[in-house]
Amino acid sequence: MTNDPTGTTHATQPATPADHFAMRFTATPRGARLARRLCAERLHAWGIPYGTDAHDTIALLVAELGANAVQHGRVPGRDFHVRLSVPAQPLSTVRIEVADTRGERLPEPAPHLPGAERTDGRGLLLVAALADRWGWGPRPCGAPGKIVWAEYDRRNPDTQTVLGQI
């Protein structure tokens, strides 16, 4: 079970996905970029094409969660893990999970948007705005660290997402 920022408890695993991608990456900015690019490629291969609202939103969620794992969840010598699950149904929920090994630093969005002079502090605000649900929980089997997850409900292609409004 995992917690979301509203205190709601969720199951840690989605229904059996039609497609899933899981890989470990070095906890560096280069590893975060590679995670985003590989997930973007997988989304396209699975029928969520480049340039669509769904693709761009999911790729941005992967990028933000990966960047947070590198910035706030990094333990020297330890990787972070990304899992992307895409059910076969066109109007279904895509789940992104990013696990890091730093369990004592729990994700919490900034209470308000940082000033224009700052270039940080917006990641979880973006995740909260773009994801339909997000939260965190402990890694399974007693592994050190946490999993931060986000879910994006794939919508009718005619429906606009928040991404175009940012």
Side-chain angles (χ1 to χ4, degrees), residues 1-15 17 20-40 42-43 53-86 93-154 161-163 165-166:
M1 296 296 197
T2 60
N3 300 315
D4 72 17
T6 63
T8 307
T9 302
H10 297 277
T12 56
Q13 292 297 321
H20 74 275
F21 168 75
M23 184 175 271
R24 288 178 20 185
F25 297 91
T26 59
T28 64
R30 183 181 220 176
R33 282 191 307 272
L34 182 58
R36 177 188 51 82
R37 293 188 71 172
L38 289 177
C39 287
R42 291 293 175 121
L43 289 167
D53 283 343
H55 183 279
D56 294 347
T57 300
I58 296 164
L60 182 55
L61 289 168
V62 171
E64 292 301 333
L65 294 177
N68 281 351
V70 169
Q71 182 70 24
H72 304 292
R74 181 176 184 275
V75 172
R78 298 288 181 110
D79 296 336
F80 70 96
H81 186 268
V82 174
R83 179 180 167 87
L84 179 65
S85 302
V86 180
T93 298
V94 175
R95 184 174 173 98
I96 304 119
E97 297 177 353
V98 176
D100 64 51
T101 53
R102 195 136 190 215
E104 76 279 5
R105 296 204 59 191
L106 302 178
E108 185 176 319
H112 53 79
L113 192 61
E117 70 283 353
R118 294 197 42 206
T119 59
D120 62 342
R122 292 173 176 80
L124 287 178
L125 289 173
L126 283 170
V127 170
L130 296 173
D132 292 291
R133 288 162 301 285
W134 76 277
W136 60 272
R139 292 179 70 185
C141 303
K146 65 188 169 298
I147 295 175
V148 182
W149 56 266
E151 293 179 339
Y152 176 80
D153 296 334
R154 292 168 62 190
T161 64
V162 177
L163 187 59
Q165 301 170 10
I166 294 178

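Counting begins at 1 with the first residue of the sequence. Since the structure is predicted, the reported quantities are computational estimates derived from the model, not experimental observations.
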Trainee: Closest approach of L130 and Y152, non-hydrogen atoms and distance?
Mentor: O-CD1, 3.8 Å

Trainee: Just verifying a value: how many Å separate R37 CZ and R42 CZ, rounded to the nearest 0.5 Å?
Mentor: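 Answer rounded to 0.5 Å: 14.5 Å.
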
Trainee: I want to check something: taking the side chain as every heavy atom from C-beta on, are L38 and L34 in contact at a cut-off of under 4.5 Å?
Mentor: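 In contact.
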
Trainee: Between side-chain atoms of residues 61-70 and protein atoms elsewhere (two or more places apart, or another chain), which donor-acceptor pairs fall under 3.5 Å?
Mentor:
none

Trainee: Tabulate below the donor-acceptor pairs under 3.5 Å that side-chain atoms of residues 139-148 make, not counting sequence neighbours, or state none.
Mentor:
from: R139; atom 1: NH1; to: P144; atom 2: O; distance (Å): 3.1
from: K146; atom 1: NZ; to: D100; atom 2: OD1; distance (Å): 2.9
from: K146; atom 1: NZ; to: D100; atom 2: OD2; distance (Å): 3.1
from: K146; atom 1: NZ; to: R102; atom 2: O; distance (Å): 2.6
from: K146; atom 1: NZ; to: R105; atom 2: O; distance (Å): 2.9

Trainee: Just do the side chain to side chain contact (heavy atoms under 4.5 Å, CB included) check on V82 and C39 with the steps written out, would you?
Mentor: CA-CA 9 Å; V82 174; C39 287; 3.9 Å; yes

Trainee: Is any side-chain heavy atom of S85 closer than 4.5 Å to a side-chain heavy atom of F21?
Mentor: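 The answer is no, as the side chains (C-beta and beyond) never meet within the 4.5 Å cut-off.
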
Trainee: So does A22 get a backbone contact from the side chain of R83, meaning a donor-acceptor N/O pair under 3.5 Å?
Mentor: no

Trainee: Do any pairs count as a side chain to side chain donor-acceptor pair (under 3.5 Å) and have a residue in residues 27-36, sequence neighbours left out, and if so which ones?
Mentor: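 Pairs touching residues 27-36 that pass the test: T26-T28.
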
Trainee: Which residues satisfy the side-chain hydrogen bond (donor to acceptor under 3.5 Å, both in side chains) test with R24, sequence neighbours excluded?
Mentor: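 side-chain hydrogen bond (donor to acceptor under 3.5 Å, both in side chains) check on R24 returns D79.
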
Trainee: Which residues satisfy the side-chain hydrogen bond (donor to acceptor under 3.5 Å, both in side chains) test with D153, sequence neighbours excluded?
Mentor: T93, R133

Trainee: Pairs in or reaching into residues 56-81: which pass ring-ring contact (aromatic ring centres under 6.0 Å, His included), with residues at least two apart or in two chains?
Mentor: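 For residues 56-81, and leaving out neighbouring residues, the ring-ring contact (aromatic ring centres under 6.0 Å, His included) pairs sorted by first residue read F25-F80.
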
Trainee: Could you check V86 against R154 for side chain to side chain contact (heavy atoms under 4.5 Å, CB included), going step by step and ending with a plain yes or no?
Mentor: CA-CA 10 Å; V86 180; R154 292 168 62 190; 3.5 Å; yes

Trainee: Of all heavy-atom pairs between R78 and A27, which one has the smallest distance, and what is that distance?
Mentor: O-CB, 3.5 Å

Trainee: Nearest 0.5 Å, please: how far is CH2 in W136 from CH2 in W149?
Mentor: 12.0 Å

